[in-house]
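Here the structure comes first, spelled out in structure tokens, and everything after it is commentary.
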Amino acid sequence: MAEENCEIDGINFPFPYKPYPIQKDFMAELYKVLDAGKIGIFESPTGTGKSLSLICGALSWLRDFEQKKLQAEAHLLASGSDSTSGGKNSLPSSSSCQEPCDTLRPAGEPDWVTEFVQKKEERELVERLKEEQVKRRKREERLQQVCQDGRLRFAAKRMKQEEEETETLLRLSREMLAAGTGPELLEQLECGEEELVLAEYESDEERRASRVDEDDLEEEHVTKIYYCSRTHSQLAQFVHEVLKSPFGEETRLVSLGSRQNLCVNEDVKNLGSVQLMNDRCVDMQRSKHEKNRAGEEKLKRKRQKIQTSCPFYNHEQMQLFRDEVLLKVKDMEQLVALGKEARACPYYGSRFAVPAAQLVVLPYPMLLHAATRQAAGIRLQGQVVIIDEAHNLIDTITNIHSTEVNGSQLCQAHSQLLQYMERYGKRLKAKNLMYIKQVLYLLEKFVDVLGGNVKQNPSTQSLPQTGSELKSINDFLFQSQVDNINLFKVQRYLEKSMVSRKLSGFTERFGAVLPSLGASQENCNLDGFQYFLKSLQSGPEESLEEGQSAAPRPASPLMHVEAFLAALTTANQDGRVILSRQGSVGQSSLKFLLLNPAVHFAQVVKECRAVVIAGGTMQPVSDFREQLLACSGVEAERVVEFSCGHVIPPENILPLIICSGPSNQQLEFTYQRRELPQMMEETGRILCNLCNVVPGGMVCFLPSYEYLLQVHAHWDKTGLLARLSVKKKIFQEPKRASQVEQVLMAYCKCITCCSHTGGHLTGALLLSVVGGKMSEGINFSDDLGRCVVMVGMPYPNMKSPELQEKMAYLDQTLPRIQGQPPPGKVLVENLCMKAVNQSIGRAIRHQRDFASIVLLDHRYARPAVLAKLPAWIRDRVEIKATFGPAFAAMSKFHREKSQRSLV
């Protein structure tokens with residue numbers, strides 16, 4: 001497609017084709033939000049080119065921002081030389097020079113002092129800008145050299161071949177060692193435990209006092225845009241859109257992901273578990289750094305266990321990888337292919353590219369979780385963040401920071417940590433022992449509060465009382481009798497010392513298990529000894545036979561405990577702890593529930609220059625304003641809402657609210673009424689009539705999977721299912737995620753066959769579940785979704801203790817608007833309508849598509865509910881009090897569309 005240069009309000013927006021009017025409005029509003037440093041909530045229905053509008057609008061702003069910044073720097077550098085000769089200059093108004101200009105001076109300070117200080121600050125600013133120019137020039141020269149000189153990659157390959165030869169020699173040495181005598185093996189066993197002993201722990205204060213500041217060694221971050229979405233497939237799709245845009249050749253883009261997606265070391269990938277992959281990767285890095293460390297004593301070098309290091313973790317290789325990533329836009333699959341070819345780690349190499357990148361593409365958790373953000377080298381200060389597919393942003397933040405640990409994990413962690421302390425207690429420093437004893441005490445008390453004992457098998461400890469109990473954080477700590485322990489220090493110790501990884505290695509090597517499971521301590525150690533001997537003989541990573549897959553090993557239970565302890569450091573009013581006692585201690589659990597997601601989102605909006613929250617369906621937006629932004633300290637005037645219409649003509653959509661069925665039965669699918677036989681029969685009759693006039697595919701959403709089965713069974717019993725099958729083949733959404741694709745393929749195949757062969761079957765009817773696998777991310781375009789039916793209003797389970805506590809929290813913290821229901825009730829309505837909007841948005845996926853949307857429940861006609869539908873649906877909705885006029889409108893709509901499509 002030819003590139004179009006679209007000018008809006010004097011701003012040039014390059015676009016791959018002539019943009020729709022709504023795309024022009026979208027880009028112009030986005031540009032204003034980014035330029036003014038505001039928070040934008042953008043809604044753009046699927047099929048309107050949202051991704052391209054985001055790309056072209058945001059990168060156009062970034063292009064202009066960089067140009068203005070360079071012009072301001074040039075002006076400042078030119079005027080800076082004049083100011084040093086005695087001339088008085090006024091600095092240009094730019095973000096880079098505001099800090100020294102706005103410094104407050106003491107009242108009554110002499111003019112000559114003020115002038116001297118101002119000139120000194122100007123000189124320092126000029127020097128800093130000169131340094132930035134030098135760094136920028138060096139970076140450009142380096143990238144050009146990589147682009148022009150292909151020999152660099154071949155030199156890196158030769159270097160890697162030398163390393164592989166060294167690894168081969170080490171492997172041969174290991175095989176020779178395996179054939180050694182018994183005492184030599186025992187000596188290797190003894191020295192092999194060195195890596196399991198905790199290093200001397202330093203607190204953050206001690207570490208800051210003793211280390212050289214490393215920030216000066218890091219590369220300067222350029223102004224950039226962080227784009228995040230829910231899934232890696234959505235991120236890959238966004239990268240392809242960038243390539244299709246006019247900015248595809250010049251943008252420096254890097255994709256970040258998890259080790260599961262970017263790791264190229266087969267030994268690590270075969271571990272299966274994400275946590276085990278992370279641990280193994282970190283251990284391999286450490287072994288590479290610690291191997292043959294300068295200054296070690298000769299005896300230690302002799303007795304040091306031969307360890308494996310990752311062949312892809314090489315600093316020079318990853319620097320080369322970084323430069324190649326910045327030269328041309330690559331998706332995640334291309335990063336993996338490049339990593340294999342260049343023998344460099346894509347996981348860490350892509351992180352090296354973050355400082356110089358202009359556009360960083362990453363999944364939700366990497367941006368929204370502070371520790372992960374820091375580990376990935378993401379700096380938000382003064383940057384732009386775009387959060388796409390953000391309709392579930394609040395739930396996402398809540399789920400990321402909510403955690404659960406069961407009684408079995410608590411008992412196992414206590415047993416393993418106790419055995420570890422007994423084995424290495426004499427070799428640990430006092431501070432390590434102190435914290436380990438505190439963790440053991442915490443584990444013991446957590447099991448006690450569940451009604452168990454850490455010294456017994458959790459699966460055999462039955463509880464006299466069962467049920468759930470919800471407590472505030474402080475009340476839980478008091479009840480557990482651990483309120484005298486500083487959880488912040490314990491959590492920091494667990495994070496910095498990485499004792500959970502040491503414990504995982506200890507358990508794997510020496511077979512530490514619960515004593516109550518029938519193995520004595522001697523047997524545990526003997527098993528570990530035999531395991532270690534076997535590892536010496538076969539190498540650290542045994543290759544599997546062809547066709548054999550490695551079973552994922554469970555991660556250390558202490559890691560789950562670590563996450564729970566970190567959650568307990570949340571402010572008392574922002575979270576709750578749910579004690580769930582279920583039959584035995586092993587089945588019981590402690591769950592932390594985050595009530596205020598704004599505490600974790602506040603840092604994002606505080607540090608960033610601008611934040612854009614975008615999605616195809618963002619209504620209702622009051623949750624974002626009140627629960628997320630207002631509670632994060634964002635002023636109301638900083639928030640901008642933008643909702644664009646759809647690209648389809650108004651006559652291509654028919655939204656209907658049907659209040660009564662064919663037998664004049666009022667449609668009200670409340671929890672009490674929806675299971676009545678007459679309501680299920682009325683629903684079946686409505687679908688039978690619709691199947692007679694709707695061509696192609698129909699998708700019917702029901703409130704829950706259990707209700708779907710109940711309705712299906714009732715229709716089968718009464719004969720309605722047979723009547724439905726005359727015109728449409730019936731498909732059901734499976735409960736197992738692995739079967740969804742199979743059902744969808746069969747559904748699509750049936751519709752395609754019916755459209756070509758004709759006959760009495762006109763298509764297929766797919767019975768789906770609101771909030772299920774098919775209510776999000778699935779495109780029922782064209783004949784796959786000519787009609788979407790929503791049965792009832794899918795309100796969440798009001799008996800859920802989590803929802804009740806969330807409602808109570810909002811009622812206490814948010815102000816109640818006069819004439820409006822309480823904030824807790826508004827939350828329930830919003831959750832319901834968000835689910836409805838996501839489901840009905842599965843149809844109408846492009847400009848020439850058409851479909852009808854049927855809402856079966858008279859409650860949809862209420863003004864408060866209508867206001868929470870997307871604007872492009874709400875403006876065209878028709879309310880039908882009886883079924884006759886609704887059926888006539890449906891017949892006319894689909895008859896006209898079918899005739900027009902034939903022409």
Donor on one side chain, acceptor on other, Glu241 and Ser51, under 3.5 Å:
no
Side chain to side chain donor-acceptor pair (under 3.5 Å) involving Thr570 - partner list, sequence neighbours excluded
none
Take Val385 and Val612 through the test side chain to side chain contact (heavy atoms under 4.5 Å, CB included) and record every step on the way to the result.
CA-CA 6 Å; Val385 165; Val612 174; over 6 Å; no
Do Tyr347 and Asn261 have a side chain donor and acceptor closer than 3.5 Å?
no
State plainly whether the residues Glu389 and Lys50 are in salt-bridge range, i.e. N to O under 4.0 Å.
yes
Ion pair Arg625/Glu641, N-O distance below 4.0 Å:
yes
Charged N-O contact under 4.0 Å between Glu635 and Lys38:
no
Can we say Lys868 and Glu829 salt-bridge, meaning some charged N sits less than 4.0 Å from an Asp/Glu carboxylate O?
yes
Ring centres under 6.0 angstrom apart (Phe446, Phe476):
yes
For Ser622, side chain to side chain donor-acceptor pair (under 3.5 Å) partners two or more places apart:
Asn830
Side-chain donor/acceptor pairs under 3.5 Å, residues 353-361, sequence neighbours excluded:
| from | atom 1 | to | atom 2 | distance (Å) |
| --- | --- | --- | --- | --- |
| Gln358 | OE1 | Arg252 | N | 3.0 |

Close side-chain approach of Cys56 and Phe13, heavy atoms under 4.5 Å
no
State which residues pass side chain to side chain donor-acceptor pair (under 3.5 Å) with Gln619; sequence neighbours excluded, sorted by chain then number.
none
Ser44: side chain to side chain donor-acceptor pair (under 3.5 Å) partners, not counting sequence neighbours
Thr48
Measure from the ring center of Phe564 to the ring center of Phe592 and say whether it is less than 6.0 Å.
no
Could you check whether any side-chain heavy atom of Ser472 comes within less than 4.5 Å of a side-chain heavy atom of Asp475, counting everything from C-beta outward?
yes
For the pair Lys471 and Glu469, find out whether any cationic side-chain nitrogen is under 4.0 Å from an anionic carboxylate oxygen.
yes
State, yes or no, whether a side-chain contact exists between Leu568 and Val577 at a heavy-atom distance under 4.5 Å.
yes
For residues 600-623, which residue pairs pass the ring-ring contact (aromatic ring centres under 6.0 Å, His included) check, not counting sequence neighbours?
His401-His600
